[in-house]
Amino acid sequence: MTPTRWHATGNPTSPGAPIMASTEYRDTHAGGLRREDAGTVVRLAGWAERIRDQGGVVFVDLRDASGIVQVVFRPDVAPEATDAAHELKREYCVRVEGTVQERPEGTANPELATGRVEVEARTVEVLSTADTLPFHLDERTEVEEGRRLKYRYLDLRRPRMTANLLARSQAVGAMRRVMEERGFLEVETPTLIASTPEGARDFLVPSRLRPGQFYALPQSPQLFKQLLMIGGVERYYQIARCYRDEDFRADRQVEFTQLDFEGAFWGQDDVLATLEEISVAVTKAVRGIDLPRPFPRLTYAEALARYGTDKPDIRFGMEIVDLGGVFAATEFQAFATALAAGGAVRGINAGARQMARSALDGLVARARELGAGGLVWLVVEADGSLRSPTTKYLSEAEQTDLVAAFGASPGDVLLLVADRTDKVAAVLGQLRLELGQPSGHEELAYLFVTDFPVFERTEGGDLVPLHHPFTSPVSVEAMRTDPDNAISKAYDLVLNGSELGSGSVRIHDPVVQAAVFEILGISPEAAARRFGWFLEALRYGTPPHAGFAIGIDRMVAILQGERNIREVIPFPKTQTGADPLTGSPSRVEDYQLSDLGIDIRPEVRQAWAEEAGEETAT
RNA sequence: GGGGGCGUGGUGAAGUCUGGAGUUCACGCCGGCCUGUCAAGCCGGAGGUCGCGGGUUCAAAUCCCGUCGCUCCCGCCA
């Protein structure tokens, strides 16, 4: 018998480890049966996926975790079993004993891995009946997601979810293998920790033994893994659950999983090399693709200049072109004003596309929606001239240089934005995605973005740190004297326009750490109060170290072509943080609150009362 | 905190703009027929407070207001 492998129902995806089929209830897995097995007697156990009752002969597609095989009940061969088979319904859990046989001429099913054989049943036993399911398990119709979540245990039986669970397991397995092979130690860190009210909102857990005090759930194991470095664990990793109490997105849950790792005596290149190995192994395990190495690297500044984002999708071109030179002496007010104010004029060549005037004007509206003051569109005519409401403001030379700068051909649509440099980048970056981004994830484009700035400017002009305060700056001095241009030793891994994770070289010198706190505006007193224990730890001989954290949910989702990470999380929460299956979050008994020394605020209780009142009134 | 989309028998959709009897389609479910099907087929049947509340109207799935749920996005996510 061919080794049984886990795979999506009836549709093998990629290889997994063989599992033991033989148990108290069965001796064989359905999905592994092949022609060579003809003649053997097998005992199978699984679910009745489909039943085709011909009145006499009954066919049952029996599904287990390995796949599907057709079981045939024949009244002339096994009258009792056939009588019982007439009573079967979908998703009954059954056990079948029978003989594997090659299917009669012309009845093979090429759609099934087991399609050349069938099991002629001798006996059938119903292990468990099933009510009519609340939705279809086949893939023909999209079921509303709330309903899928309420019955997630049924949703997980669907091929899509089975395949996603498998992919996730394979991805994590590949990660573990790379980590173990390279000598990383898997170490667990606590999930009840001290709150550090910065960055994302903490999830808080009240302490019963210390009423009025709270733990926080970790947003990441950041400080603990640095303590492990100080503790002499030179290579650490963990599949770590992280919690951030912020609003949901398609690629964000409040509870998510990272591959967290860190190395002592490491610099940036050690981290990136490890990341490449992990990504290559995971991609091979999930998609069967051998990725070329090394991955491309872009600095943050390059990424922003060429793609308008720090997480560029480099599966397609349409790069942003700087036109400051072309319009250095322009008389077109909109461009001249932007350049004079230190801003930029840039554009993208959206390529040859037939766009009606209304569609082009739609792009102008879209650009305004994205925050630009406006958008100039130009269409390259067959003779190389430009058609646009704006051409009358542009000199002959500017028009010629413009076409040259874009390397534009007849039919091409050119889109120009002039504004503050960061706004120009953001708007063009978004337009580029909307006009050119491939829809699926067939092709995979990994890259590293390096040299992130230490600070960024908010809309209001304030300087705010881009990373956590343990990130090593390239130069403390530059951080102090030229904060706008200071670079930190931080880097991201990007796949198809999504940030898979980020990491940095950490500060290992307590003097540097104190200086960075100070520059970030954290007073020595505040630093001592919040991170005193950590600052002290740094003083006892801290090795230089660096690390990273990969978002496993995002990575698996992209590899599986899923738009939403909920599809690769077995039991996710809805956008409002609820679990329709178990009813979390929920109110608790008064005595539980009393144990914790906690009162619900009057206005909340008032809202509860009103809600209850409405219910009783109806 | 803000903006958009969706909510119609068990499931998925059409109907909503332009008000006129719970109308339609596919799947499922129940009953019957059927001995080689594989999205089995054929015949028959049951099943809905159009998310909920209020309003406009002779009349509301349809228009208006509110609310709940799901979802996408902005803000937020060091």
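Model, not experiment: these values are computed from the prediction.
- Look at the P atom in both B:rG48 and B:rU11: the space between them is 13 Å, to the nearest Å.
- Nucleotide B:rU16 forms a pair with no other nucleotide shown, judged by Watson-Crick or G-U wobble geometry with both contacts under 3.5 Å.
- Side-chain N/O atoms of A:Asp64 and A:Ser66 include a donor and acceptor closer than 3.5 Å.
- When the P atom of B:rU37 is taken as reference, atom CZ of A:Arg74 falls 13 Å away, rounded to whole Å.
- Note on A:Ala490: nothing from the nucleic acid sits closer than 4.0 angstrom, heavy atoms only.
- Rounded to an integer number of Å, the gap from NZ of A:Lys150 to C1' of B:rU11 is 14 Å.
- As rounded to the nearest Å, B:rC50 and B:rA21 have C1' atoms that lie 15 Å from one another.
- A:Pro134 comes within 4.0 angstrom of the backbone, heavy atoms only, and of no base.
- Applying the 5.5 angstrom centroid cut-off and the 30 degree plane-angle cut-off, the aromatic ring of A:Phe59 is stacked upon the base of B:rU37.
- Within 4.0 Å (heavy atoms only), A:Gln430 reaches no atom of the nucleic acid at all.
- Here the separation of B:rC73 from B:rU16, taken at their P atoms, is 29 Å to the nearest Å.
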**OP:** Walk me through it: do A:Val464 and A:Phe455 pass the test side-chain contact (heavy atoms from CB on, under 4.5 Å)?
**Re:** CA-CA 5 Å; A:Val464 292; A:Phe455 299 102; 6.0 Å; no
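- Side-chain atoms of A:Asp361 and A:Ser358 form no donor-acceptor pair, as typed in the model, at a separation below 3.5 Å.
- With sequence neighbours excluded, the residues forming a side-chain hydrogen bond (donor to acceptor under 3.5 Å, both in side chains) with A:Arg74 are A:Asp76, listed by chain and number.
- Nucleotides B:rC52 and B:rA46 place their P atoms 24 Å apart, quoted to the nearest Å.
- Between A:Tyr153 and A:Tyr151, the ring-plane angle classifies as perpendicular under the 30° and 60° cut-offs.
- Atom-to-atom, CZ of A:Arg158 to P of B:rU11 comes out at 13 Å; the value is rounded to the nearest Å.
- The distance between atom CG of A:Leu62 and atom C1' of B:rC38, rounded to the nearest whole Å, is 14 Å.
- Contact annotation for A:Glu144: backbone-only contact, meaning every heavy-atom pair under 4.0 Å involves sugar-phosphate atoms and none involves a base.
- If you measure from atom CD of A:Glu105 to atom C1' of B:rU37, you get 16 Å, rounded to the nearest angstrom.
- Protein atom CD of A:Glu142 is 16 Å distant from nucleotide atom C1' of B:rG7, rounded to whole Å.
- Using C1' as the reference atom, B:rG3 and B:rG75 are 11 Å apart when rounded to the nearest Å.
- Comparing the P positions of B:rC17 and B:rC63 gives a spacing of 5 Å, expressed to the nearest Å.
- Ranked by how close their nearest RNA chain B nucleotide is to the 5' end, A:Gln101 and A:Arg147 are led by A:Arg147.
- Rounded to the nearest Å, the gap between the P atom of B:rA14 and that of B:rG31 is 32 Å.
- Judged by Watson-Crick or G-U wobble contacts below 3.5 Å, the nucleotide B:rG45 has B:rC29 as its partner.
- Atom CZ of A:Arg103 and atom P of B:rU35 are 20 Å apart (whole Å).
- Between A:Tyr300 and A:Phe452, the angle of the ring planes lies from 30° to 60°, which puts this pair in the tilted group.
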Original post:
Once each nucleotide of nucleotides 71-78 of chain B is scored for protein heavy atoms under 4.0 Å, what B/S/- sequence comes out, 5' to 3'?
Top reply: BBSBBBBB
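- Put simply, CD on A:Glu120 is 15 Å from C1' on B:rU37, counting in whole angstrom units.
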Distances under 3.5 Å between protein N/O atoms and the N/O atoms of nucleotides 28-33 of chain B, please, pair by pair.
unit_1 : atom_1 : unit_2  : atom_2 : d
B:rC30 : OP1    : A:Lys89 : NZ     : 3.4

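- Comparing the P positions of B:rU67 and B:rG20 gives an interatomic distance of 28 Å, to the nearest angstrom.
- Considering every non-hydrogen atom in both A:Ala121 and A:Phe73, the closest pair reads CB-CE2, 3.3 Å.
- Ring geometry for A:Phe548 versus A:Tyr491: interplanar angle under 30°, hence parallel rather than tilted (30 to 60°).
- Under the Watson-Crick and G-U wobble criteria, each requiring two contacts below 3.5 Å, nucleotide B:rC70 is paired to B:rG5.
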